[in-house]
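Only a predicted model underlies this, so the values are computations on that prediction, with no experimental measurement involved. We use all heavy atoms of the structure for the numbers below, so side chains are in, but hydrogens, waters and symmetry mates are not. So that the names make sense, note that chain A is the first sequence line, chain B the second, and so on, each numbered from 1.
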Amino acid sequence: MNTVFWTFLAVFHAVVFTYFVVLNTYYLVMSIFAFRALRRYTRRLTSIDVDDLVASAGAPPVTLIVPAYNEAETIVASTRSLLTLRYPDYEILIVNDGSKDDTLEALREAYDLIPAPRFPLAHLATAPVRGAYHSRTHPNLWVLDKENGKRADAINAGINHCRTPLLCIVDADGLLEPDALIRVARPFLEDARTVASGGIIRIVNGCRVEDGLVREARLPRNPIARFQVLEYLRSFLAGRVGWDALKIMFLVSGAFGLFRRSLVVEVGGLAPDSLGEDLELTVRLHRHCRERGIPYEIHFVPDPVAWTEAPETLKVLGRQRDRWQRGLIDTMIRHVRMLFNPRYGRIGLVAYPYFFFLEMIGPIIEFTGYLVFLTVLALGVASLPFALLFLFVAVMLGSVLSIAAVGLEELTFRRYTRTRDLLRLFRLAFAENLGYRQILTYYRLRGTISYFRGLDGWGDMERKGFEEP
Amino acid sequence: MPSLDPTAFFDVSFDDPVFRLALFMLEALIVLAFVFTAVAVGLRVANDRRAARRKRLDALWRPLLLEALAGDRPVADLCARVPRRSRFYFCAFLYRFARKVRGPEREPLRAAARPFLPELREGLRKAAPEARARRLQILGLLGFPDYVEDLVSALDDPSPLVAMVAFRNLARREHPAFAPLLLEKLPRFEDFNHDSLAALLAGVGFEAAAPLRRALADAGRPAWVRAVAAKALGRLGDVAAADLAADVLGACEDPELTFAALELIGRVGEERHRAAVEARLRSAGEEERLHAVRALGALGGAGVRAALRRALDDPSPWVALAAAERLKQIGAADLLRALAASTHPRTALFEQVLTDNSLAA
């Protein structure tokens with residue numbers, strides 16, 4: 001027994017150490033690529049008025065599909081934000097997914113909706129559509145009313161009724177920057193092979209919002225939301241920009257993503273039985289195109305911003321991360337044949353293994369690693385100075401990555417203009433490694449257990465609304 | 001204890017190479033963190049400086065340009081104030097003004113840009129797609145027709161944005177000769193708004209009608225291209241295209257082309273085209289029947305009344321509503337009133353149409 005225990009510890013140390021080195025090397029490499037890409041990007045951005053260029057040259061028509069379920073609190077403000085977008089040719093299609101609250105009534109009252117004919121161009125299977133409404137005050141605003149069928153089902157209904165070559169999926173609890181659509185459409189304008197592109201999601205908690213627009217970006221007062229600001233910055237500015245530079249964009253966020261309609265219809269729309277339908281759709285697009293030899297590109301654009309509300313309690317955060325983890329595992333298992341499969345190019349050889357080993361299995365290794373670490377310390381078998389140094393290096397490495405993300409933020413958008421917010425972000429870069437990261441690891445582990453126990457709850461998000469003092 | 005002793009992993013002293021390596025990593029990380037931040041801030045400062053320099057140049061050029069436009073100062077004075085590295089920016093500055101003026105008022109701007117346009121053209125080969133697009137916009141507005149060859153070759157640019165800029169610049173009323181070329185290149189613009197493409201083609205003028213008719217009649221072209229041609233002919237009011245549209249309706253299954261042909265007949269058709277439209281009222285597609293009803297209403301004439309009356313019994317309430325609206329618009333309100341007073345299952349719908357004041361007869 002003693003031998004087995006020590007062997008387990010030794011092997012596990014090797015696994016944890018390898019995981020630690022590989023994960024952080026990956027993050028560092030991504031940060032460096034992201035840094036280069038963003039530097040180039042900002043240079044281009046400052047040399048030309050891209051928004052004016054696209055507005056005057058014209059751009060493909062886009063339908064914004066906004067699935068809404070019990071969003072009465074925020075739907076009018078988020079629709080107002082969508083109506084202020086600067087884009088030459090777009091319409092908004094809100095899909096009321098059988099809300100039990102006054103979502104439809106709120107929209108009807110605010111935008112003078114009347115019943116109107118809107119015929120489907122595609123026929124993805126969805127829950128029945130009850131009717132379509134057209135705004136008399138805003139000709140580019142439509143509302144589709146349907147029976148409840150969850151988010152993917154609502155989006156699929158929107159896809160069926162979308163009549164433009166491009167569709168943009170936007171969360172009803174989000175706010176888009178006025179130029180967001182122009183900017184996220186840029187890859188489609190630069191390269192006809194583009195089939196999808198995504199933009200950055202930022203946390204709206206704490207920001208000053210007026211008339212559906214974020215007037216001033218501020219850090220939230222709530223510490224849990226504040227940590228998520230840093231987490232999102234790192235994930236988008238370091239992670240996805242790096243993926244884009246390496247051409248391994250594996251996830252176009254469902255909160256704000258632009259897709260080629262014909263291809264989304266061709267692959268069968270979003271998977272209604274998936275909990276991570278945005279990741280699943282992106283992976284399916286990759287797989288579909290690679291298997292059929294269709295030339296394609298999937299991109300991430302770092303500056304079209306969609307603002308979203310972040311959970312402010314551990315309970316809601318836990319539910320969210322639990323669901324994300326279950327969605328990740330579900331997608332990984334559905335498409336496991338892509339793992340290390342050269343047929344799928346760098347998606348199968350780089351991106352998929354990263355998600356499989358570091359994101360899917362990572363929480364198990366990391367959480368067990370904490371337990372083992374505490375055990376060897378408690379048993380007094382570890383060299384304390386070395387253990388502390390290892391811990392310190394781990395914290396520093398995590399902090400460097402976050403500081404890099406804050407640096408990238410400073411380089412690109414500089415949204416947080418208040419110096420105290422910037423300093424807070426730097427402080428958070430250290431603090432998040434001492435508790436927050438471990439809590440997230442726990443939630444992800446819990447999600448893994450939930451998945452294998454067959455739990456499939458969605459986990460409702462509690463909304464506060466955007467405009468508050 | 002086995003040979004895989006984990007304590008060996010931890011049991012290291014300060015002099016141990018592993019410990020030193022860990023310390024080195026720590027130092028490197030701290031340096032890296034500072035370097036990341038410093039470079040980011042430095043780049044930000046550089047970008048801010050560039051923006052400030054441009055602001056200064058704008059302030060310098062603007063009054064000189066206004067004087068040149070008023071004829072109080074030679075354009076050469078303005079050109080002399082353009083630093084070498086700001087030539088592209090200067091052309092973009094002129095372009096902003098040029099978009100707001102037309103005809104002879106644009107001449108001083110063209111003259112001011114002329115010395116710098118060859119350099120701008122050079123950049124077309126190596127610049128990023130957006131920079132190429134902006135350069136083409138400037139060349140198209142301030143250098144036309146000297147740079148027309150660049151615009152023509154840009155129709156084949158890999159970037160849809162660049163190609164669209166070229167398309168817009170070549171779709172000009174004063175140069176209808178480009179219409180066949182534009183129609184030939186149209187298939188690569190499928191993602192763009194088809195109504196806007198039709199408007200651009202119609203903007204070329206009536207000289208474009210012949211190639212548009214040929215495109216509409218050509219079954220070898222993509223259906224959506226033929227639909228754009230039909231829409232453009234409708235905008236031009238080309239009566240000769242109605243026969244073609246009726247032929248299309250006799251043989252076409254594509255929804256977009258069918259709707260465009262129906263709309264074209266609605267705009268320019270005559271009584272003899274009514275049968276082709278009425279045939280579409282028997283279509284299984286609800287949307288197609290709706291378009292047919294609208295086309296019939298636009299076609300007008302005594303003959304459409306009976307067809308519209310039949311459409312009031314269509315299974316689709318939207319088709320029936322459109323038929324009722326068209327009946328009212330062609331002056332058949334008496335028929336609607338009679339039906340509203342009858343036992344017809346859609347009396348409420350007829351009353352709604354009759355009371356809708358926006359539907360004037």
Side-chain angles (χ1 to χ4, degrees), chain A residues 2-3 6-7 9-13 17 28 31 35 39 42-44 46-50 53-54 56-61 88-89 116-117 119 121 165-166 186 188-192 260 376 381-383 385-387 389-390 392-393 396-397 399-400 403-404 406-411 414 426, chain B residues 1-2 4-14 16 18-19 22-23 25-26 29-30 32-34 36-41 43-44 47 50-51 88-89 92 96 99 128-131 133-134 137 158-161 164-165 168 188 190-193 196 255 285-287 290 316 318 321-322:
Chain A
N2 207 23
T3 309
W6 289 116
T7 308
L9 274 189
V11 171
F12 201 80
H13 274 138
F17 191 73
L28 267 179
S31 297
F35 202 84
R39 205 180 123 200
T42 44
R43 196 182 293 162
R44 271 175 67 184
T46 51
S47 66
I48 292 175
D49 184 351
V50 176
L53 172 67
V54 174
S56 58
D89 191 350
F119 303 101
L121 277 188
L166 303 183
R186 288 170 68 192
F188 287 88
L189 294 166
E190 289 183 2
D191 190 338
R260 188 172 294 283
V376 293
V381 291
S383 152
F386 187 82
L389 187 65
F390 183 81
F392 196 52
V393 169
M396 274 306 293
L397 200 46
S399 306
V400 166
I403 288 169
V406 177
L408 292 171
E409 154 72 8
E410 173 69 13
L411 168 64
R414 210 188 209 173
F426 281 122
Chain B
M1 201 169 281
L4 284 166
D5 181 0
T7 58
F9 183 70
F10 287 115
D11 193 18
V12 288
S13 68
F14 284 98
D16 199 284
V18 178
F19 206 111
L23 274 176
M25 274 179 67
L26 186 59
L29 288 172
I30 292 169
L32 199 62
F34 278 107
F36 262 135
T37 313
V39 173
V41 172
L43 286 169
R44 183 82 208 188
N47 285 340
R50 179 150 60 159
F88 174 53
Y89 184 66
R96 289 206 301 269
R99 279 202 314 203
E130 284 151 357
R134 180 56 99 200
Q137 274 187 329
S159 158
L161 177 66
M164 178 43 75
V165 167
R168 280 182 180 275
R188 72 163 304 184
E190 186 174 5
D191 281 351
F192 287 82
N193 187 314
S196 301
E286 186 182 4
E287 190 174 11
L290 183 61
S316 163
W318 298 114
L321 176 66

Would you mind checking which part of [X] comes under 4.5 Å of any heavy atom in chain B, side chain (CB onward), backbone (N, CA, C, O), both or neither?
X         : result
Asp89(A)  : side chain
Phe392(A) : both
Ser56(A)  : both

Taking side chain as everything from C-beta outward and backbone as N, CA, C, O, which of these in [X] sits under 4.5 Å from a heavy atom of chain A? Side chain, backbone, both or neither.
X         : answer
Glu287(B) : both
Arg99(B)  : side chain
Tyr89(B)  : neither
Leu290(B) : side chain
Ala131(B) : both
Arg134(B) : both

Minimum heavy-atom distance Phe192(B)-Pro61(A), with the two atoms named: C-CD, 3.7 Å
Taking every non-hydrogen atom, the tightest pair across Val165(B) and Ala57(A): CG2-CB, 3.6 Å
Pairing residues for Arg260(A) by the salt bridge (Lys or Arg N to Asp or Glu O under 4.0 Å) criterion, not counting sequence neighbours: Asp191(B)
Among Ala116(A), Ala192(A), Ser399(A), residue most engaged with chain B (heavy-atom pairs, under 4.5 Å): Ala116(A)
Options Glu130(B), Gln137(B), Glu286(B), Glu190(B), ranked by heavy-atom pairs under 4.5 Å with chain A, top entry: Glu130(B)
Listed partners of Ala59(A) passing side-chain contact (heavy atoms from CB on, under 4.5 Å), at least two apart: Val54(A), Tyr87(A), Pro88(A), Leu189(A)
